[in-house]
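Here is the structure we will look at.
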Number of protein chains: 2
Amino acid sequence: MHSFTEENYLKAIYKLQETNGEVVATSALAQVMGVHAPSVTDMLKRMAGKKLVTYQKSKGFKLTEKGKQVAVGIIRNHRLWEVFLVDKLGYKWDEVHDLAEQLEHIHSEDLTNKLDKFLGFPKADPHGDPIPDANGVLPKSKAVLLSSLKVGEQGTFTGVTDHTPAFLNYLDKAGISLGNTLKVKAIEEFDQTYTIQLNDKKGAVISHKVANSLLVNK
Amino acid sequence: MHSFTEENYLKAIYKLQETNGEVVATSALAQVMGVHAPSVTDMLKRMAGKKLVTYQKSKGFKLTEKGKQVAVGIIRNHRLWEVFLVDKLGYKWDEVHDLAEQLEHIHSEDLTNKLDKFLGFPKADPHGDPIPDANGVLPKSKAVLLSSLKVGEQGTFTGVTDHTPAFLNYLDKAGISLGNTLKVKAIEEFDQTYTIQLNDKKGAVISHKVANSLLVNK
DNA sequence: TACAATGATTAGACTAATCTAATTATATTT
DNA sequence: AAATATAATTAGATTAGTCTAATCATTGTA
């Protein structure tokens, strides 16, 4: 099997490839992994030897098919355990990340699948992030940022791009939850503050930063 | 926190102290840990530095109060996760040990306690082993080996001393389950084969080895 | 009580994952 | 295109946990 460290590198590379494009830079990975650049170079060389990444000196690197499979498997574990913690143990959505970071490294495909069944084959984790199925297939979401909507448009709130407890807590306090309908009533020209309507009922004023962290399905 | 390796040493020492008396030998620990003796000496020196064990050169070693607390905490985790795997995910009692060996190292007292509550504060794991409470208190059991009973005596089957899948499977096939009443009908003098009666109904013939691996409450 | 057998420790080496300091490649700017 | 700034790699060291081979300590027995 792979070490926890390797698995964490794979996950981090996967996420960087998703957002920043195919090829990942040493420094970017060092930053998200919280290590210094030479550690990344060393690790990447070892992982290239195991055919988990392709690596060309000073040219960056990307996951192989094998590396991608491992990464998606870990993401599947992570998100299923998050559902377990929230749905079954009563944790709040802003409390589960660190625990899931530990649980995701439990090595047993069978356990993952039994957990999936126990939870009723959920499609998304408590933050709306999609859960890959047993074959590693991750449904492509059509969600867009609330900040991309024009005045008058609306969508269903299905996910966040900021997973920090601080932001999640803010949403709780503001009464904004997954599944709510968000309608853009006005956008302030000066600073792009959004005035929105929740579930066709009460209104709310949110900053551009917040609108830029909310995913909606039109 | 402590590393997984340290935690596994602590657990192993705890179990050896329980069965073989207070002071543990290097070679005994090496055997159960599956490492060679010098590794144990090295590790024990490090752990003595952390006040987890007391250690005197060539005299053996034992857990400190602190070491004992950590060990009991891990055993609590292990047994609660076993209950989860059997009761909630549908695993058989002979399949859960290796998974629980991984899950026991998840570091979160809060998670352990929430899991405990979710499971309904179970008193014992699927093999009948008692689960320490949140304060680390492990109820002293009054169970005795079936092999210590005389003809005519009976007891309730509450645990096993052999946790191997092979033995657990044998019990399944023989129809012997936790909670059954076992009454000793006869003991063959020649080889101490036991003839027993299950739940005051059907009889069964079991070897001395089996009778020596079953715990009962008289 | 001395000697052999067993058990424990030291010495020296290895791997994975990290670090700092120094060097080399790549990219940017004039 | 040369000079500079930034990013990546190499070199050499460190720690945890392990190993083998060699040595030292303990115990039981003749």
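All chains are named by letter (A, B, ...) in the order of the sequence lines, taking the proteins before the strands, and each is independently numbered beginning at 1.
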All N/O pairs under 3.5 Å across the protein-nucleotides 9-16 of chain D interface:
unit_1, atom_1, unit_2, atom_2, d
D/dT9, OP1, A/Y55, OH, 2.5
D/dT9, OP1, A/S58, N, 2.8
D/dT9, OP2, A/T26, OG1, 3.1
D/dT9, OP2, A/T41, OG1, 2.8
D/dT10, OP2, A/K45, NZ, 2.5

**Report entry** A/E153 side chain vs A/K218 backbone, donor-acceptor pair below 3.5 Å
**Finding:** no
Give the rounded distance in Å between these two atoms: [atom1] of [X] and [atom2] of [N].
X: B/H36; N: C/dC14; atom1: NE2; atom2: P; answer: 18 Å
X: B/L29; N: D/dT18; atom1: CG; atom2: P; answer: 10 Å
X: A/N20; N: D/dA7; atom1: CG; atom2: C1'; answer: 16 Å
X: A/Y9; N: C/dA16; atom1: OH; atom2: C1'; answer: 11 Å
X: A/M33; N: C/dC19; atom1: CE; atom2: P; answer: 10 Å
X: B/Q31; N: C/dT6; atom1: CD; atom2: C1'; answer: 15 Å

Query - Ring centers of A/F61, A/Y9 separated by less than 6.0 Å - result: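 For A/F61 and A/Y9, the ring centres are not under 6.0 Å apart.
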**Report entry** side chain to side chain contact (heavy atoms under 4.5 Å, CB included) partner of A/L99, the single match among A/Q102, A/H97, A/E95, A/E101
**Finding:** A/Q102
**Report entry** Partner of B/L63 by side chain to side chain contact (heavy atoms under 4.5 Å, CB included), out of B/L52, B/V53, B/T54
**Finding:**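 Filter result, single survivor: B/V53.
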Query raised in the report: Between A/H163 and A/T161, what is the shortest heavy-atom contact and its length?
Result: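 In this case the closest contact between A/H163 and A/T161 is ND1-O, 3.8 Å.
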Query raised in the report: Is A/S39 touching bases, backbone alone, or none of the nucleic acid, heavy atoms closer than 4.0 Å?
Result: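 Since a base atom lies under 4.0 Å of A/S39, the category is base.
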Query raised in the report: Distance under 6.0 Å and angle within 45° of the ring axis: does B/K88 meet both against B/F118?
Result: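 Judged by the rule (NZ or CZ under 6.0 Å from the ring centre, within 45° of its axis), B/K88 counts as positioned above B/F118.
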